[in-house]
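Notes for the one structure printed next.
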Protein chains: 2
Amino acid sequence: MCQPAEQQEISVAVSTVILALLPGGDGTPRVHLPLVRRTRDPYRDEWALPGGWVCKDESLRDAARRTLAETTGLRPSYLEQLYTFGRPDRSPTGRVLSVVYSALVRTHEATVAEEGENVRWCAADDATGLAFDHDEIVRYALWRLRTKVEYAHIALHFLDETFSMAQLREVYEAVLQRPLDPANFRRHVEASGTIVPTGERLTGTRHRPPRLYRALVPEGSPGPLATAGPLS
Amino acid sequence: MCQPAEQQEISVAVSTVILALLPGGDGTPRVHLPLVRRTRDPYRDEWALPGGWVCKDESLRDAARRTLAETTGLRPSYLEQLYTFGRPDRSPTGRVLSVVYSALVRTHEATVAEEGENVRWCAADDATGLAFDHDEIVRYALWRLRTKVEYAHIALHFLDETFSMAQLREVYEAVLQRPLDPANFRRHVEASGTIVPTGERLTGTRHRPPRLYRALVPEGSPGPLATAGPLS
DNA sequence: TCAAAAGTGTTGGAGCTACACCCATGC
DNA sequence: GCATGGGTGTAGCTCCAACACTTTTGA
């Protein structure tokens with residue numbers, strides 16, 4: 001039998017894997033995430049996921065949203081709890097338990113985030129060599145994104161309020177890393193009933209102007225944990 | 001900004017939703033879970049999920065396995081992290097963060113568990129009025145079981161080493177709470193390649209003796225978190 | 001008129017559901 | 001034999017991938 005609180009000496013932190021679609025080397029969108037440079041030991045000057053300690057009277061979700069804003073200035077369009085990492089030796093300085101959240105931010109919002117000396121956007125698949133066990137966390141978050149995007153409608157949280165069918169398809173292609181048939185993709189998402197045409201069209205392209213769509217507020221909850229669902 | 005450890009005053013506990021199939025009122029299997037009576041405040045004498053405090057040098061998974069054994073004597077055939085509950089007010093006595101695990105135990109093992117004054121098996125859907133936020137936790141665990149059983153091969157962890165096709169079908173019917181076509185069910189699971197016939201048959205029934213099968217050790221991991229997968 | 005992407009139609013195959021049917025055993 | 005569940009076959013249906021084809025704009 002063990003003891004609670006002070007006898008335990010376990011510190012509780014939150015970390016967040018923030019995902020956004022930014023143009024890659026070839027101009028097509030790729031999944032990116034912001035990293036922050038650590039200003040303290042352990043792992044001083046190394047790159048890590050944004051996060052921080054949980055306050056005494058703060059929910060885990062609020063702590064995730066707060067630390068994410070403090071370190072990167074970003075406001076996520078979607079936030080869900082991912083997993084809790086608690087290996088006794090995962091931090092060299094005392095025991096730290098990290099409740100990890102996964103967040104999605106829209107491309108427009110992501111470009112607002114100040115990139116500087118201590119914050120840097122990184123292509124998600126290239127994020128290695130991070131502090132603590134953050135490599136493992138990032139890989140797990142990407143795996144979850146890629147499996148969940150196939151059955152949940154979370155891709156919409158990467159996009160701005162209105163978007164064309166091709167933009168939505170690009171999101172799926174970037175996440176799943178394979179091309180999708182435009183015709184079949186259109187029928188699939190139209191049948192799902194999660195988006196609705198605005199009546200507007202996107203002009204200024206060098207071809208036929210595509211219809212614009214808007215996300216329908218999700219009606220069915222993803223499960224009995226309402227607080228695990230989307231926010232904002 | 002907040003502080004770690006002692007300044008935080010957050011106690012870290014694990015709780016486990018242990019699920020097993022036991023005969024219900026009509027003799028067909030139903031999902032049950034063991035509850036333990038609390039011997040301390042808060043919620044003294046009320047029913048709650050088994051659990052306990054995390055020790056300083058113990059992984060969360062080990063803590064789940066240990067507290068589960070201490071309170072119920074059960075050894076799970078499957079154990080995975082479910083979710084972490086951390087509302088600041090979820091315990092009336094100081095802040096408690098509960099990392100909740102979900103465990104499956106085989107029917108044979110479940111009957112071994114001592115049922116007594118302070119441990120009681122309860123039909124999962126009737127488990128209400130529990131201490132803390134454990135009602136919510138149970139509902140979430142059941143939802144996860146019912147969605148996961150459709151795409152993962154976790155139902156096998158309810159059964160003993162060898163089993164007939166009908167027994168496996170009964171597991172699915174109990175979890176999904178609807179009858180399944182025996183013919184289609186057989187083809188479905190045979191195509192999945194997760195079980196293999198032993199060559200033996202189950203005799204003593206009053207009809208044609210069914211073939212016995214054995215679970216194939218799962219080859220593909222459920223994701224990049226190997227520690228989240230099955231044990232034993 | 002042409003290039004390029006938007007958007008529609010169509011066809012073949014895979015897989016699933018419902019249900020008919022035979023098989024093998026105990027009684 | 002008959003009852004009971006084990007196990008197989010199959011027609012019809014839905015869904016989906018592939019790809020041909022038409023539409024609409026800018027240059």
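In what follows, every chain begins at residue 1, and chains take the letters A, B, ... in the order their sequences are listed.
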Subject >> Base versus backbone protein contacts along nucleotides 19-27 of chain D [heavy-atom cut-off under 4.0 Å; B, S, -] >> reply: B---BBBS-
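- Counting heavy atoms from C-beta on, the side chains of F163(A) and I195(A) come closer than 4.5 Å.
- Residues from residues 163-171 of chain B placing a heavy atom under 4.0 Å of any atom in DNA chain C do not occur.
- Remark: R146(B) engages D125(B) in a salt bridge, criterion side-chain N to carboxylate O under 4.0 Å.
- Between E136(A) and R90(A) there is no salt bridge, since no side-chain nitrogen of the basic residue lies less than 4.0 Å from a carboxylate oxygen of the acidic one.
- Looking at V14(B) and L68(B), their side chains never come closer than 4.5 Å, going by heavy atoms from C-beta outward.
- When side chains are defined from C-beta on, L19(B) counts as touching L142(B), because their heavy atoms get closer than 4.5 Å.
- Going from atom CD of E190(B) over to atom C1' of dT8(D) covers 10 Å, rounded to whole Å.
- Within a 6.0 Å radius of CD in E190(A), other residues, nucleotides and ligands contribute more than 12 heavy atoms.
- Nucleotides of DNA chain C that come within less than 4.0 Å of any heavy atom of chain A span, from the 5' end to the 3' end, dA4(C) to dT10(C).
- Of all the heavy atoms in G51(A) and T71(A), the pair that sits closest is O-CG2, 4.1 Å.
- Separating the OG1 atom in T111(B) from the CD atom in E109(B) is a distance of 8.0 Å, to the nearest 0.5 Å.
- The aromatic rings of W143(A) and Y140(A) sit parallel, their planes meeting at an angle under 30°, below the 60° perpendicular limit.
- Side-chain atoms of R37(A) never come within 3.5 Å of backbone atoms of E46(A) as a donor-acceptor pair (strictly under, hydrogens ignored).
- Taking atom CZ of R178(A) as the reference point, atom C1' of dA17(D) lies 11 Å away to the nearest angstrom.
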